[in-house]
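Just below is one structure, and these are the notes that go with it.
Letters A, B, ... are given to chains in the order of the sequence lines, protein chains preceding strands, and every chain is numbered from 1.
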Amino acid sequence: MSGKRGGRIRDRRQFRTVQRDGRRREKPEEKTLDNKVPAVRMCGITKTFFGKVRANHNVSIDIQRGEILSLLGENGSGKTTLMNMLSGIYCPDCGTIEVDGREVSIRSPKDALNLGIGMIHQHYKLVDVMTATQNIILGLKEEKYDLKAASARVREICERYGFELNPEQKVYDMTVSQKQTVEIVKVLYRKADILILDEPTAVLTPQETEKLFAVLRNMKKDNKAVIIITHKLNEVLEISDRVDILRAGEFVGSLRTSETNAQEMTDMMVGRAVALNINRPEPKNPEPRIEISNLTVRSEEGLLKLDDVSFTINSGEILGIAGISNSGQKELLEAISGLQKVEKGDISYIGEDGKKVSLIGKDPLDIQRMGVALSFVPEDRLGMGLVGNMDMVDNMMLRSFRAGRGLFVNRNRPRAVATHVKDSLEVVTPGLSTPVRRLSGGNVQKVLVGREIETAPSVLLTAYAVRGLDINSSYVIYDLMNQQKERGVAVVYVGEDLDVLLELADRIVVLCGGKLSGILDGRSTNKYEVGSMMTTLGGGEAR
Amino acid sequence: MFDLISFIPRAVAQATPLLLGSTGETLTEKSGNLNLGIPGIMYVGAISGVIGAFFYEQKVGSVENANAFLAIMIPMACCLLGSFLMGFLYCFLTVTLRANQNVTGLAMTTFGVGFGNFFGGSLIKLTGSDVPSIALSITHQFYAAKLPFAGKAGVFGELVLNYGFLVYVAIVIALLASFFLNRTRRGLQLRAVGENPSTADAAGINVAAYKYWATCVGSMIAGLGGLYYVMDYASGVWSNDAFGDRGWLAIALVIFTIWRPNVGILASLLFGALYILYLYIPTGTNMAIKEIYKMAPFVVTILVLIVISLRKKRENQPPAALGLPYFREDR
C-alpha cells in the first residue's frame, strides 16, 4: 500500500451511517435488464477527504457477473477513490455496498478478498528478488507450503485465461506487463471473481494491451465481473459491455457500449461545467532556443530509451510532450539538463544573441547557469529536486547556495523567495520551516515548480507538473507556465492528460517507444490523432 | 611444519562464536533490521551467562555437588534472557519508535560492553581475587565436556568429535535457519518483510511482529555465541574486554556469506582460521606482522563486497529494505 492509501480504516466509524434517500436519481433503466442480482452494488457512496475535498458524492453503480464494466472519467473524477472503497482501502463516509445482494462492510483489502473482490493497483506490490509463485502465495496461510503445487496452480490459472507467465521467473527479470500479470494472477489465485483494474493499460504497449484484453474476455466468459478504470475512450469501446461515467466525483450516467459512441461519452465525461478552458496566448516571435538532432539515449541496462529524436524547442511557446508513460520523456528531459548520458546526436542551446552552444558533455551545473531549469515531478514527488526533510527555505537554497562570497550562505534571499512562492502559489504549509515532506503532494509540487520559475530560466522543463493535483492547483500551474511563455521562456511540458496538453501546448511532440512519432500543432490536432500517434509510430488509422 | 591437527580445532573454537553471531544477525537482517548492536548483545549474553554460572557455583561449591543439567541450563537461560532483552529493546526503539537503526545499534553495542564490564568488574570484586578475572571452572567442565571416545578415535575424532556441545548446536542452528529462510512459508514472509515491507503489509503480513520475532530470536542466537566464548573457548574465565572484536567479525561474516547461514558454517571456519593464522606463521618477534595477519578476515570481507557488487546479482544483494524503518502511512 502506498503511504497515501495506507489510512484504510480512517473513517470506519461513519461507515454504518447509511444514506438511502438519494439513490440512483440519474441512472437509466437498463441495468435491471438482466433481472439478476448484481455481483456488486454500490449505493449512494460519498467520500470526503480531510473534511473538504469531495472525492465522491452520492455515487451508485452496479455490475453483473460475466460483464466488463468501464469506469470512465477524467483524472481526479473519483474513479480510483470509488474503487478503493470497494477494495477496502478506504471506507466510505456514507452509502452501502452489496455483494450478491447481501450488504457488506469492507474494512480492509483482506475483507474485500474474502468477498472475492480483488483490485490491481497502478503501482504493483511485488518483491523483486522472489519468483512469480512466491509473490503470489505471499501472505496466504491455509495450505501446506509447497511451491511446486503452488506453481502448478499458477500454471493452471494462466492456461485457463491465456496468460503468459513463467511461475519460476524472478520479478526483477520481468517487463511491466509480466508484473501486471503476476498481480492479476495473485488476485485470481485468491479466488477473486470480481476484479478491478486501475488503468491497466497505462504502462502497456499496444500488443500487450491486446493480450490483456483477450485475457479479460476469457474472464468474462468464466462469469467473472471485471471493472476497468480508464480514461481512454477507445479502450472503453473495445473491451467493455457497459460504461459508467463519473465527473468531478459524481455519477453522471451509465451507457451500453454497443449503443454509444466516443462523442457521447466525451460529452458526458467532460460535461458542461468542467469544460477545460486554459488560456493559450499566441506565441510572440518564437525563435529556436534548443535544437535536438538525432538524439539517441540508452539506459544503464542498455535498453534503447530514445531513438534518433530530432526537434526544436522555441522561445515564447509551450511545447507539449505526449506519450504513454516510459516512452522516453524522462530521458529526454534529463538529457537536455545534462543528467543523462547521450549515446548519439546533439543538443544545442541557442542564446538570445543567436550564439549556438552544444550542451553535450556539459556539466548539469553549467547547463543550469545557462538558464535551463528542470522541474521534474517524479512518481514519488520528492525523488528529484526537493529534499523532504528540509524546509522550504533550505530547498530554495539548493538552487542558490553557491551564490555570494565567503564561507557562509546567505539565508535572506532564499527566505524571500520561499515567502514569495508560498504567497503567490498559495502553498498550504504551517510555516516556512516545516519540512517539505510533511506538505501534501500538490503543495510539494508547487514548491518545486515555483522554485524553478523563480530562477528566471530561459528554458523551463516540467514533467508531470500537475500529477495528482486538484483542478485549482493545476490551473495555478498552467497559469504560471503561460506567464513564463509570455515572458519569452521556452517551456516544455510533459504531461499525462491529453486534454490539458491539447489546451495548453502550442506544439505537441509525440513520442512512441522512444521514437519521435510526430510533431503536431496544438491548435489544429485532436485527442484521437495524438492518441493514435502515441500507440503507433506515425499515427496509423485515426479513430 | 604447519600442524593441521592442532590448527583446525583451534580454528573451530574461534569460528563458533562467529557462526552463532552471524546466524543471529542474518535472521535479524532478513527482517530489514540492521542490528549493529550484535557485539554488545553477544557481550551481554556472555556476562549474563557468567552471572548465572557464578551464583550457581557459589551455591554448590564443588563439581561433585553440581548437577550437570542445572550447571548447563542456568547460565544458558540467563544468557538467553539477557540477549533477548537487548534484542527486544532494539526492536522497541527501531520498530515501535522508529529510531534510526544504525545509531540505536551502535548505542546498544556501547551499552552492552559497558554493562558487561560493569557486572564483570563487580563479580571480580565479590570474589576478592587478585587477578582481574573470574574462573568458572565447574561450568566450564560441563560446557567443554566431550564424548569419552572422541580423543581415541584417531584424526577423525580429533577434528570432528572433540568439541563441546555448543559447537554442534551452532551448526544445527545455522542449518535450521537456512531451512527456515528458504523452505518455509514463514521464512518466505520474513524475507518479504525485509525486502519490501509495504508489499508484505499489503499481503496481510504483520510486519512489526516479524521484525520483533526475527530480531529477538536472532539476538538470543548471537548471545549464545558470547556464552560459548566464555564457558568453552576461554575455559570459563571471564575478564573484561577479552571478547574483543568478535562481534564485528560476526557482522562482517553476514556480508561474507551473502546472508546465507548454511554458507556461514564454512565461512566462519575460514574466518576463525584467518583469525588465528598469525599464531601458526613464524613471525619472530615482530608484533606488527601479527597485526597484519589479524586484519585478514576484514580484508576478505571487503574483497567479497567488491565481488558481489561487481556481479550485480540481485539475490546476492542485502535485503532491499535493510536499515529502513517501516511506517505504513509514510510517503
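Here the CG atom belonging to A:D146 is positioned 11.5 Å from the CZ atom belonging to B:R183, to the nearest 0.5 angstrom.
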**Request:** Test side chain to side chain contact (heavy atoms under 4.5 Å, CB included) on B:L188 and A:L147 and set out the steps.
**Result:** CA-CA 11 Å; B:L188 179 77; A:L147 280 178; 5.6 Å; no
**Prompt:** Could you walk me through whether B:R191 and A:V127 pass the side chain to side chain contact (heavy atoms under 4.5 Å, CB included) check?
**Reply:** CA-CA 9 Å; B:R191 282 190 288 142; A:V127 179; over 6 Å; no
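For the pair A:V129/B:Q317, no side-chain contact is recorded, criterion being any heavy-atom separation below 4.5 Å from C-beta on. Counting only heavy atoms from C-beta outward, the side chains of B:N196 and A:L126 never approach each other to under 4.5 Å. Using a 4.5 Å cut-off on side-chain heavy atoms (C-beta onward), A:Y124 and B:T199 make no contact.
Distance alone, capped at 3.5 Å, is enough to place a donor-acceptor pair between the B:Q189 side chain and the A:G139 backbone.
Around the CZ atom of B:F88, the shell of radius 6.0 Å holds no more than 12 heavy atoms that belong to other residues, nucleotides or ligands. A 6.0 Å sphere centred on CH2 of B:W248 holds more than 12 heavy atoms belonging to other residues, nucleotides or ligands.
Pairing each heavy atom of A:K125 with each of B:S198, the nearest pair is NZ-OG, 3.3 Å.
With a 4.5 Å cut-off on non-hydrogen atoms, B:I205 touches chain A through its side chain but not through its backbone. Heavy atoms of B:R186 lying under 4.5 Å from chain A are absent altogether.
Residues from residues 264-272 of chain B never place a non-hydrogen atom less than 4.5 Å from a non-hydrogen atom of chain A.
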